[in-house]
Amino acid sequence: MHATTRRSIFTNNKKAYLFIAPFFIIYISFHLFPQLFSLYLSFTNYKIRGGTVWVGLRNYSRVFADNRFWQSIGNTALFWLMTLPVQMVVAVVIATAMSNLPSRMRGLLSGCYYLPVVTNLVATIFVFQLMYDTNYGVINYLLSKLNMAPIPWVTNPSWARVATVLLITWKGLGYYIVFTLAGLMSVDRSLYEYANIEGATSFQKIIHITLPSIAPILLYQAFTGTIAGWNIFMEPFLLFGKTGGPLNACMTASIYIYSEGFNNLKFSSAASMSLLLALITSVFATLQFRLFRQDKEKR
C-alpha cells in the first residue's frame, strides 16, 4: 500500500482513529511498555543508582537455584488446585439447583452469592482475621462450645493454608455460580424433556446434556481461574503480610516477586521471576485449550 493511500485512509477515518486512540495509548503505556521493559530488565543487573549492566541469563540461573522461589511456586500451585476445581464443581451443583427455581428467587440468590465478589477485599480480610483469631475468633469460640480444641488458623503452616483456601473459595465462588447459571438457562429445555421420555436419570442428564452444553463457559471459567490462581496476591498478602504466613506457608509467587522487587530492590531478579511465572501460567492455560479441543473432537 502506497504512502498516499495510507494517508488518505487516515484522513477519511481520522475521527474513528481518534476514538480508538485512548485504548492504544493506555495499552502501550501501562501494558506493552512495562512488559517489554521487564523483559529487558531480566537480562540486566538494574540498579536505581549505578546504571544498568547486561548480564545475559545470569538472573534466570539464580532464579532456578532459588529454593524460596520454587517454594512460592509450589504454594501457588497448591492454592490453585485446591480452589478452582472446588469452586467450579460447587458452582455447577448450586447453579443446577437454582435453575429450577422461580426467576425472582434465582435473581435474589444470584445477588446473595455474588455479593462477596464485589465486597471490598480489605474489609473482607479484616472480618476473616477476626474470625480466625486463636483466642477471640468466632470460629474457635463455636468450637469451644463443642468441647473442641482451638485451631491455630494463623500460626500453624497447615492451618494457615486451609484458612487461605477457605477465604479464596468463599470470595470467588459467586463469580462461578452466576456464570454457570447463565449458561444453564441458555440450554434448550427440550433436550431434558426428551431425556425424561427416554428414562434418563438426573446424573445422566448432567453428564450428557448439561456439561456438554455449558462446556464453553466452563472452559472460560477454567481459563480465567487459572490466570487468577497463578497470580494470587491480595488474599494471602493482606491476611499474613509479606512474610507469607508461618514458615512462608502461604507465600505465593506474586508475593515473593513483590518482596524481591520492592523490599529487596532486586528489580532484575523480580523481572525474571515474573516472566517465568507468566510462562507457567501460559503453559497451563494452553493445556486447558488443548484438552478441551481434544474432548470436543472425540464427541
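Fair warning: this is a prediction, and the values are worked out from it, not measured in the lab.
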Which pairs would a plain distance check flag for residues 115-128, meaning a side-chain donor or acceptor within less than 3.5 Å of a matching protein atom at least two apart in sequence or in another chain?
unit_1: Thr119; atom_1: OG1; unit_2: Leu115; atom_2: O; d: 2.6
unit_1: Asn120; atom_1: OD1; unit_2: Val122; atom_2: N; d: 3.0
unit_1: Asn120; atom_1: OD1; unit_2: Ala123; atom_2: N; d: 3.1
unit_1: Thr124; atom_1: OG1; unit_2: Asn120; atom_2: O; d: 3.0

With a 3.5 Å cut-off and sequence neighbours excluded, list the donor-acceptor pairs that the side chains of residues 19-40 form with protein atoms.
unit_1: Ser29; atom_1: OG; unit_2: Ile25; atom_2: O; d: 2.7
unit_1: Ser38; atom_1: OG; unit_2: Pro34; atom_2: O; d: 2.8

Listing, residues 143-151 side-chain donor-acceptor contacts under 3.5 Å, not counting sequence neighbours, or none:
unit_1: Ser144; atom_1: OG; unit_2: Tyr141; atom_2: O; d: 2.5

Verdict with reasoning, Gln288 to Thr226, per side chain to side chain contact (heavy atoms under 4.5 Å, CB included): CA-CA 9 Å; Gln288 287 176 346; Thr226 297; 2.5 Å; yes
Worked verdict on Tyr136 versus Asp133 for side chain to side chain contact (heavy atoms under 4.5 Å, CB included): CA-CA 6 Å; Tyr136 306 103; Asp133 188 271; 3.5 Å; yes
Met98/Ile177 under side chain to side chain contact (heavy atoms under 4.5 Å, CB included): CA gap, chis, key distance, verdict: CA-CA 10 Å; Met98 290 175 58; Ile177 292 176; 4.1 Å; yes
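By the side chain to side chain contact (heavy atoms under 4.5 Å, CB included) test, Ala77 is found to be paired with Trp230, residues two or more places apart in sequence or in another chain being considered. Listed by chain and number, the residues in a side chain to side chain contact (heavy atoms under 4.5 Å, CB included) with Ala249 are Pro157, Arg161 (sequence neighbours excluded). For the side chain to side chain contact (heavy atoms under 4.5 Å, CB included) test, residues two or more places apart in sequence or in another chain that qualify with Val162 are Trp153, Trp159, Leu166. Every residue meeting the ring pair (Phe, Tyr, Trp, His ring centres under 6.0 Å) condition with Phe43, not counting sequence neighbours, appears here in chain and number order: Trp54, Tyr60. Remark: Val89 pairs with no residue by the side chain to side chain contact (heavy atoms under 4.5 Å, CB included) rule, at least two apart or across chains. Here Phe237 pairs with Phe233, Tyr258 under the ring pair (Phe, Tyr, Trp, His ring centres under 6.0 Å) rule; sequence neighbours left out. Partners of Tyr220 under the ring pair (Phe, Tyr, Trp, His ring centres under 6.0 Å) rule, at least two apart in sequence or in another chain, are Phe179.
In this structure, the separation between CG on Leu279 and OG on Ser274 is 11.5 Å, given to the nearest 0.5 Å. In this structure, CG in Leu277 is found 5.0 Å from CG in Asn231, a value given to the nearest 0.5 Å. Rounding to the nearest 0.5 Å places CD1 of Ile232 at 8.5 Å from OG of Ser254. To the nearest 0.5 Å, atom CZ of residue Arg68 and atom CE of residue Met251 are 4.5 Å apart. Separating the OG atom in Ser72 from the CE atom in Met273 is a distance of 7.5 Å, to the nearest 0.5 Å. Interatomic distance, CG of Asn248 versus CD1 of Ile255, reported as 10.0 Å (0.5 Å rounding).
Of the possible donor and acceptor atoms, one in the side chain of Gln87 sits under 3.5 Å from a partner among the backbone N and O of Ile168. Without hydrogens or angle criteria, Gln71 side chain to Thr252 main chain gives no donor-acceptor distance under 3.5 Å.
Listed by first then second residue, pairs satisfying side chain to side chain donor-acceptor pair (under 3.5 Å) with a partner in residues 179-190 read Thr180-Gln221, Asp188-Ser190, not counting sequence neighbours.
Inter-residue side-chain proximity for Tyr176 and Leu84 is flagged as met; some heavy-atom pair is nearer than 4.5 Å. Looking only at side-chain heavy atoms (C-beta outward), Tyr113 and Ser110 stay at 4.5 Å or farther from each other. Glu193 is not listed as a side-chain neighbour of Ile197, based on a closest heavy-atom distance of 4.5 Å or more. Two residues are said to be in side-chain contact when any heavy atoms from C-beta on lie closer than 4.5 Å; Thr44 and Ser268 meet this criterion. The shortest distance between side-chain heavy atoms of Ile207 and Gln204 does not fall below 4.5 Å. With a 4.5 Å cut-off on side-chain heavy atoms, Tyr175 and Thr224 count as touching. In this structure, the side chains of Met82 and Leu78 come closer than 4.5 Å at one or more pairs of heavy atoms. Considering only heavy atoms from C-beta on, Phe267 stays 4.5 Å or farther from Glu260 through its side chain.
Side-chain polar atoms of Thr164 and Glu235 form no donor-acceptor pair below 3.5 angstrom. A donor-acceptor contact closer than 3.5 angstrom is absent between the side chains of Asn75 and Tyr256. Side-chain contact annotation: Lys205 with Asn196, donor-acceptor N/O pair under 3.5 Å present.
Under a hydrophobic clustering in which Ile, Leu, Val, Met, Phe, Trp and Tyr are joined whenever their side-chain heavy atoms come within less than 4.5 Å, directly or via other members, Val187 and Val178 fall into the same cluster. No continuous path of ILVMFWY side-chain contacts below 4.5 Å connects Leu181 to Leu219, so the two sit in separate hydrophobic clusters.
When hydrophobic side chains of Ile, Leu, Val, Met, Phe, Trp and Tyr are connected at separations under 4.5 Å, Leu247 ends up as a singleton with no cluster partners.
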